Student: 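The structure that follows is given in the form of structure tokens.
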Amino acid sequence: MSWRRICAADSVALNSLKKFEVDGIPVVVANYGDGFRVFPPICPHMEEPLEESGLIEGKVLTCTKHLWQWNLATCQMEGTETEKLMHFYDVKQEGDDLLAFIKSEHIYEFDEEDEMDDDDFFNS
Amino acid sequence: MKITLQTKSGQFEYDCAPGETILSAGLRHGITLPYECATGTCGTCRCRVMQGDALMGWQEAPGAARLKREKGDCLMCQTVVSSDALIRVASQNVLGAFPRGHVPAHCNGAIANCRKLTHDVMQFDVMIDQPMSFDAGQFVTLAVAGVTGPRAYSMVNFQQATDRLTFVVKRSAGGAFSDWLFDTDVAGATLKVFGPLGAATFYPDEAKNIICIGGGSGIAGMMSIIERACQENYFNDHKGHVFFGVRTLKDCFYMAELSEYVTCAGPNLSVTVALSDEDTGLATHPDFDNLKLDTGFVHEAASRAMTGKFDNMVGYVAGPPPMVDAALRVLIAEGKLPPADIRYDKFS
Ligand SMILES: Cc1cc2nc3c(=O)[nH]c(=O)nc-3n(C[C@H](O)[C@H](O)[C@H](O)COP(=O)(O)OP(=O)(O)OC[C@H]3O[C@@H](n4cnc5c(N)ncnc54)[C@H](O)[C@@H]3O)c2cc1C
Ligand code: FES
Ligand code: FES
């Protein structure tokens, strides 16, 4: 079982972001009106802490550092600047609780097996 | 030296002169390398050096804080090479030619016409030895002997193929360039100029209404934008909203110039000066009654005045980073502007 309780659903206000730590794994919860999204706390672009740099407007999350955007309803990239997908953990609500399916902490490529080291990367 | 650049959008090769940064060398060859500040603070220009001898001059650059040095990551705006080199940039948007705008170049300049505008704001010209064309809203870097590293400054004027660039600099306490500029007789001093740079540009053919939110010397590039707009009668059929934030009335500058712009442009241009540290109780500037006054932070003044007026708008923001961040939030959350219509420079 990797469904983990993150927080009470009503603890994250409409159109806001809040950071939590679940079993040592940091996540950010976003309430975009139609539901919640749970994702790693840093921007996939340049590691900006999203609970500070993030802004939700009309179901779109903007990292105000360089204006990369993701649609929280569809989980797709938005806008002209965005070059990487955001990683979203599956999420569900049970009663008052918000749960996310987190097998292990998701680390973006720039942190681990680095895409810059991959010789095929630049030809793909 | 030859730089071979691998990006997600293809491979490029270009020459780099001794002592030249790999960013400047790439840009002057028309390659659209990623950058914002060109001076080590933002971190946008990061690359990975795969082969070759590269040295990042300013090791403590704030923009380098999150680099993986052990993997050869460095800031292109701070790095020079001493051999041919292979570098990688993880961007999908690198092109071999500028889609629009002017390819930057190096030139030499000399300071002229220094004029103190307030106790801590100075305007000056740099006369350059090769004419430069630039877009309104752009900046150059200035490097002067005795101050380590170049500094970014936005042009205030707007002219094509000009040998005169006008700047306005706000003194930054303890800053090296600031101290040099304010504490020494700089008239005639020579400097190295590189530019034009920056994407916070105004193009009349976009045919949009414009909002400018500037804090302190952040008004610099906006003066250039308004100048161009007035030269081309842009405000005959587009609206312009300028919000200029300073601390108190005695920190105001360019009031006469802004007032003159409003007179020329007519009712479609409005200028509001927001005073963060002084409540005058006045609705307009005591000396210029076509400039509105407001109290509070400049992004708050913009938010108050602009409700319901964000139609077909492009937004320009410049100034200290916290002010820029707050203004970006207004443009995104209240103005609902898409990123393509928001252009900004953070003066960090
Ligand atoms: C795009 C852009 C446009 C700008 N336009 C204007 C403008 O029109 N008017 C204005 O007043 N200000 C502007 N600024 C801010 C300006 O560039 C300077 O940061 C500011 O004037 C303070 O400079 P200083 O030398 O006094 O302060 P310092 O604290 O000495 O230096 C500030 C900056 O200089 C660079 N620097 C410092 N030390 C080193 C080093 N050892 N090696 C290499 N680089 C170093 C860094 O970029 C640092 O942020 C702009 C900034 C940017 C990014
Ligand atoms: S760090 Fe988030 S958009 Fe660049
Ligand atoms: S462009 Fe190099 S750090 Fe900003």
Side-chain angles (χ1 to χ4, degrees), chain A residues 13-17 30-33 40-72 76-85 107-124, chain B residues 4-12 34-37 42-50 63-68 70-73 86-94 199 299 315 317 321-322 324-344 346 348:
Chain A
L14 175 64
N15 286 340
S16 78
L17 302 136
N31 176 352
Y32 65 97
I42 57 169
C43 180
H45 179 214
M46 284 175 55
E47 294 138 88
E48 206 59 20
L50 284 166
E51 85 275 15
E52 289 163 25
S53 67
L55 174 67
I56 303 171
E57 167 56 38
K59 308 192 199 317
V60 172
L61 169 67
T62 305
C63 173
T64 54
K65 187 80 179 169
H66 308 101
L67 310 186
W68 283 27
Q69 295 185 324
W70 302 267
N71 187 312
L72 295 177
Q76 295 305 305
M77 299 187 275
E78 284 267 333
T80 41
E81 314 298 306
T82 324
E83 294 188 19
K84 275 187 190 168
L85 286 165
I107 310 273
Y108 288 110
E109 284 158 326
F110 50 64
D111 264 329
E112 222 170 41
E113 286 151 324
D114 203 295
E115 58 181 18
M116 293 256 249
D117 292 334
D118 177 357
D119 281 334
D120 297 330
F121 181 76
F122 290 90
N123 306 320
S124 62
Chain B
T4 305
L5 165 74
Q6 295 180 327
T7 77
K8 286 202 212 171
S9 46
Q11 178 159 321
F12 307 91
Y35 74 96
E36 267 172 42
C37 70
C42 73
T44 304
C45 67
R46 66 180 168 183
C47 77
R48 178 160 298 174
V49 179
M50 307 297 292
R66 293 184 185 138
L67 292 179
K68 292 224 264 307
E70 70 285 0
K71 297 215 172 195
D73 286 2
L86 173 66
I87 64 171
R88 284 183 171 177
V89 171
S91 168
Q92 297 160 3
N93 292 330
V94 180
H299 69 278
V317 182
V324 172
D325 290 341
L328 292 180
R329 285 175 178 267
V330 170
L331 295 182
I332 297 165
E334 297 172 31
K336 320 237 183 285
L337 267 57
D341 293 332
I342 300 180
R343 300 165 198 179
Y344 59 94
K346 288 185 192 173
S348 50

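This structure is a prediction, so every number in the text was calculated from the model and none was measured. Lettering follows sequence order; numbering is per chain, from 1. Computed over heavy atoms, backbone and side chain alike; hydrogens, waters and symmetry mates excluded.
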Student: Minimum heavy-atom separation for C42(B) and M46(A), please, with both atom names.
Tutor: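 The answer is O-CE, 3.7 Å.
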Student: Below 4.5 Å from any heavy atom of chain B, which atoms of S53(A) appear? Answer side chain, backbone, both or neither.
Tutor: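 When you check distances to chain B, only backbone atoms of S53(A) fall under 4.5 Å.
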Student: Determine the minimum heavy-atom distance between K346(B) and T64(A), stating which atoms define it.
Tutor: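 Between these two residues, the closest heavy atoms are NZ-O, 4.1 Å.
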Student: List in chain and number order the residues that pass salt bridge (Lys or Arg N to Asp or Glu O under 4.0 Å) with E51(A), two or more places apart in sequence or in another chain; answer none if no residue qualifies.
Tutor: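 Testing E51(A) for salt bridge (Lys or Arg N to Asp or Glu O under 4.0 Å), a comparison that skips the adjacent residues, returns none.
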Student: Kindly give the heavy-atom pair with the smallest separation between I332(B) and E57(A), and that separation in Å.
Tutor: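 Heavy-atom minimum between the residues: O-CG, 3.7 Å.
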Student: Can you tell me which portion of E83(A) sits under 4.5 Å from chain B's heavy atoms? Options are side chain, backbone, both or neither.
Tutor: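 Both backbone and side chain of E83(A) come within 4.5 Å of chain B.
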Student: Looking at every non-hydrogen atom in both residues, tell me the closest pair between R329(B) and G54(A) and how far apart they are.
Tutor: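 Residues R329(B) and G54(A), closest heavy atoms: NH2-O, 3.3 Å.
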Student: Is there side-chain contact between K84(A) and Q92(B), with at least one heavy-atom pair below 4.5 Å?
Tutor: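 Counting from C-beta outward, K84(A) and Q92(B) never come under 4.5 Å.
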Student: Pick one of side chain, backbone, both or neither for E52(A), based on which atoms fall under 4.5 Å of a heavy atom in chain B.
Tutor: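 Only the backbone of E52(A) comes within 4.5 Å of chain B.
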Student: To the nearest 0.5 Å, what is the distance between CG (D341(B)) and CG (L67(A))?
Tutor: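 If we round to the nearest 0.5 Å, D341(B):CG and L67(A):CG are 11.0 Å apart.
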Student: Look at E81(A), H66(A), Q69(A), E78(A) and state which one has the largest set of heavy-atom pairs under 4.5 Å with chain B.
Tutor: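 Most heavy-atom pairs under 4.5 Å with chain B: H66(A).
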Student: Answer with side chain, backbone, both or neither: which region of E36(B) has an atom nearer than 4.5 Å to a non-hydrogen atom of chain A?
Tutor: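 Only the side chain of E36(B) comes within 4.5 Å of chain A.
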Student: Using a 4.5 angstrom heavy-atom cutoff, name the option from N93(B), V324(B), L328(B) with the most pairs to chain A.
Tutor: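 With the most close heavy-atom pairs to chain A, the winner is N93(B).
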